[in-house]
Amino acid sequence: MEQLHAQLAKAITELYPSLDIKAELSRTDEQFGDYATNVALQLAGRLGRSPREIATELTNKLSDIAGDTVKDITIAGPGFINIRVSDEQLITTLKNATQKPQVYSGQKVVTEYSDPNPFKVLHVGHLYTTLVGDVISRIIAATGGDVHRVNFGGDVGLHVAKSMWGILQELGGEHPDKLEAAAGDDLHSRSKWLSSCYIQGNTAYEADEAAKAEIVAVNKKVYEVHAQNDHESAFARIYWTCREWSYDYFKAFYNDLEVVPFEKYYPESVTTPTGIQTVQEQLNNGVYEESNGAVVFNGEKFGLHTRVFINSQGLPTYEAKDVGLIMQKWRDYAFDLSIIITGNDIVEYMKVVQKSIEQFMPELTKRSHHLAHGNVKMTGGIKMSSRKGNGLLAVDVLDAAMEAAREAGLDNRQTTLAAVKYALLRSRIGGDIIYDPKESVSLEGNSGPYLQYAHARARSILAKAEGETLSMPDGLDAGERSLVRKMSEYPEIVERAAKELLPHHLCTYLYELAQVFNRFYEHNRVVGDERQAVRLQLVALYADVLRDGLGLLGIEAPDRL
RNA sequence: GCACCCGUAGCUCAGCUGGAUAGAGCGUUGGCUUGCGGAGCCAAAGGUCGUAGGUUCGAAUCCUGUCGGGUGUACCA
């Protein structure tokens, strides 16, 4: 494609040297050709001539330049130029079938996602952002980026105070020695216990003024634990133990999902001092201002809204902590690009924080990119186990997937994981996702298990022909050509997914590829055919592309299902 | 009120850097079956791309209005 693109550009500049026009080349429908360009249509207006006339001129020029690399060039419709490359040219793409364009070469990229809060449960949002973040990180790494995965979470703040208050109620006071008895000795019972304590605290906070006052006091106490680096007091021992339990639970979650582990975890307690310091410095510089006893950023000046960074009690809000996080990431990595992946409910919030930082470190904002996604909903409602509160949990989705898989007769862990991952990744990032467990585990249609099956099927053809020779084609028949043509798109798709940070392009492509292969396979014999050696080679390459693509999506491609 | 996001076939989604008859899957209807894994293939029905304007040779795609849904809007995260 690059070669053809250069040839087209050359043809344009040679014919119309005075015009500065982009040589746009795109993939087109197979019936038209391999590539198409609409430059003749664009030139028509500028030259005041008929588009088809220009197209003819360009076609002749391009034929001269491209020579053998092009099979035929046709003009269609209002003036599209359709180009079919030679079979030989197409075959050369097979040599680098899974090679990826190094679009992030030489760049240090920090990706932040997942962001669960210690002491609290993992919601679907955490599941989704974890998977999206993992895949985006994989794609950037595969395209040459030096990726650093980081995680952020609130180990201080009101929600922690609510949890701690609930914990103290359960323990009947500051009795760290009673923790194990109350919470149990395994990961899951402990995380359940912690989340029930949070619910208890949250409920009391809203219903009971006295409890609310106590929780506010606990909040301050948690900050003091950090300020004094207290690991000795009874209160501190409870706090640190429970915080550790939460982290253990998160780690187990990531492990279960088979995502790449995080390199660094930034707890809010760590980013807070940096945040406060930065905000105070910039308060003196006039970036932030005092208002009603609080430190705010006046976003209205920029068409945004005003937000509080340090509240009137002198405590930092999420805003200040986030400023601290960004500063620390910068100090730790001096990144070229920082990608933050969160739900889209905080886009406005993030704009305010970024705008405030832009006032004193514009370079930092320029290198930061906030990627926001929608909410995940599940068809058929949520099965509320034995808990209060609302909202879909990560386990609800995973449980539903497992149950659907079992009903479909697949209780393979890899298949279930593939089902969930693919279902959440196949839609464009941004909008809400409707998760249908039954559909996600189906082996028919656009699903993760279907692609795993497609891959396994190809591998089994190869296994059956073990010992037979494979050879690269020197020519292609129609069916083979369609398959090779589709495979040759792979690097372009990876490039697009990488540049746009949109993994769903990969899903769409892999599914289409499987369809093209199935069509080929239905109509062409592989084993036993006189073109067996060539076709086996194509099957092998197809299986490699599928495995490679699924790998970028964090989905295993086992040889057998 | 204001700001941001979303609105494409019955359902779930692609397509959005403007281009050729708007594509898939599920579901529905019909066909292929001694098959290299049929978990597939072939085909049909189904869409005034929320709606009204505008820009353009050309708009699902860009702009404006409008309707519907979601989210955010000072001391929560």
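Numbered from 1 within each chain, the chains take letters A, B, ... in sequence-line order. Nothing here was measured: the structure is a model prediction, and the numbers come from that model.
- When the nearest nucleotides of RNA chain B are assigned to A/Val347 and A/His505 by heavy-atom distance, the more 5′-ward of the two goes with A/Val347.
- What separates CG of A/Asp432 from P of B/C4 is a distance of 18 Å, to the nearest Å.
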For a quick check, with a 4.0 angstrom heavy-atom cut-off, what is the B/S/- contact string for nucleotides 21-30 of chain B, read 5' to 3'?
B--SSS----
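- Looking only at side-chain heavy atoms (C-beta outward), A/Glu112 and A/Asn151 stay at 4.5 Å or farther from each other.
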Report each atom pair, protein N/O against N/O of nucleotides 58-67 of chain B, whose distance is under 3.5 angstrom.
none

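- Put simply, CG on A/Asn344 is 14 Å from P on B/G70, counting in whole angstrom units.
- Taking the ring centroids of A/Tyr450 and A/Tyr422, they lie at or beyond the 6.0 Å cut-off.
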Ring pair (Phe, Tyr, Trp, His ring centres under 6.0 Å) evaluation trace for A/Tyr239 with A/His226:
CA-CA 10 Å; A/Tyr239 171 81; A/His226 284 283; 5.3 Å; yes
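- Residues satisfying the ring-ring contact (aromatic ring centres under 6.0 Å, His included) criterion with A/Tyr265, sequence neighbours excluded, are A/Tyr247.
- Between A/Leu315 and A/Tyr223 there is a side-chain heavy-atom pair separated by less than 4.5 Å.
- Rounding to whole angstrom units, CG of residue A/Leu462 and C1' of B/G37 are separated by 13 Å.
- Atoms CG (A/Leu483) and P (B/C36) sit 19 Å apart, rounded to a whole Å.
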Would you sketch RNA chain B in dot-bracket for me? Only Watson-Crick or G-U wobble pairs with both distances under 3.5 Å count, crossing pairs as [ ], other-strand pairs as |, the rest as dots.
(((((((..((((.....[...)))).(((((.......))))).....(((((..]....))))))))))))....
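- Between A/Phe152 and A/Tyr266, the ring center distance fails the sub-6.0 Å criterion.
- Protein atom CD of A/Glu522 is 11 Å distant from nucleotide atom P of B/C36, rounded to whole Å.
- Enclosure of atom CD in A/Glu530 is not indicated, since only 12 or fewer non-hydrogen atoms of other residues, nucleotides or ligands lie within 6.0 angstrom.
- Within the 6.0 Å centre-distance limit, the rings of A/Phe309 and A/Tyr288 are counted as a close aromatic pair.
- Residue contacts for A/Ala372: at a heavy-atom cut-off of 4.0 Å it reaches no nucleic acid atom on any strand shown.
- Comparing A/Ile81 and A/Ile429 against RNA chain B, the residue whose closest nucleotide sits nearer the 5' end is A/Ile429.
- One P atom belongs to B/G1, the other to B/G40, and the distance between them is 50 Å to the nearest Å.
- If you measure from atom CD1 of A/Ile434 to atom C1' of B/G7, you get 13 Å, rounded to the nearest angstrom.
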One character per nucleotide, please: for nucleotides 72-77 of chain B, 5' to 3', B when the base has a protein heavy atom closer than 4.0 Å, S when only the sugar-phosphate does, - otherwise.
SSBBSB
Could you walk me through whether A/Arg49 and A/Glu57 pass the salt bridge (Lys or Arg N to Asp or Glu O under 4.0 Å) test, one step at a time?
CA-CA 12 Å; A/Arg49 289 165 53 198; A/Glu57 229 167 62; 2.7 Å; yes
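- When the shell of 6.0 Å around CD of A/Glu300 is examined, it contains more than 12 heavy atoms from other residues, nucleotides or ligands.
- Separation of the A/Phe297 and A/Phe302 ring centroids falls under the 6.0 Å cut-off.
- Residue-level contact check: A/Asn202 touches neither bases nor backbone, having no heavy atom under 4.0 Å from any strand.
- The CD atom of A/Gln42 sits 9 Å away from the P atom of B/G18 (whole-angstrom rounding).
- Two residues are said to be in side-chain contact when any heavy atoms from C-beta on lie closer than 4.5 Å; A/Arg307 and A/Glu319 meet this criterion.
- Closest to the side chain of A/Arg428, from the set B/G37, B/C16, B/G19, is B/C16.
- Annotation: salt bridge (Lys or Arg N to Asp or Glu O under 4.0 Å) contacts of A/Lys220 (sequence neighbours excluded): none.
- Put simply, CD on A/Glu24 is 9 Å from P on B/G19, counting in whole angstrom units.
- Neither side chain, A/Thr143 nor A/Glu495, offers a donor N or O lying under 3.5 Å from an acceptor on the other.
- Within 4.0 Å (heavy atoms only), A/Asn82 reaches at least one base atom of the nucleic acid.
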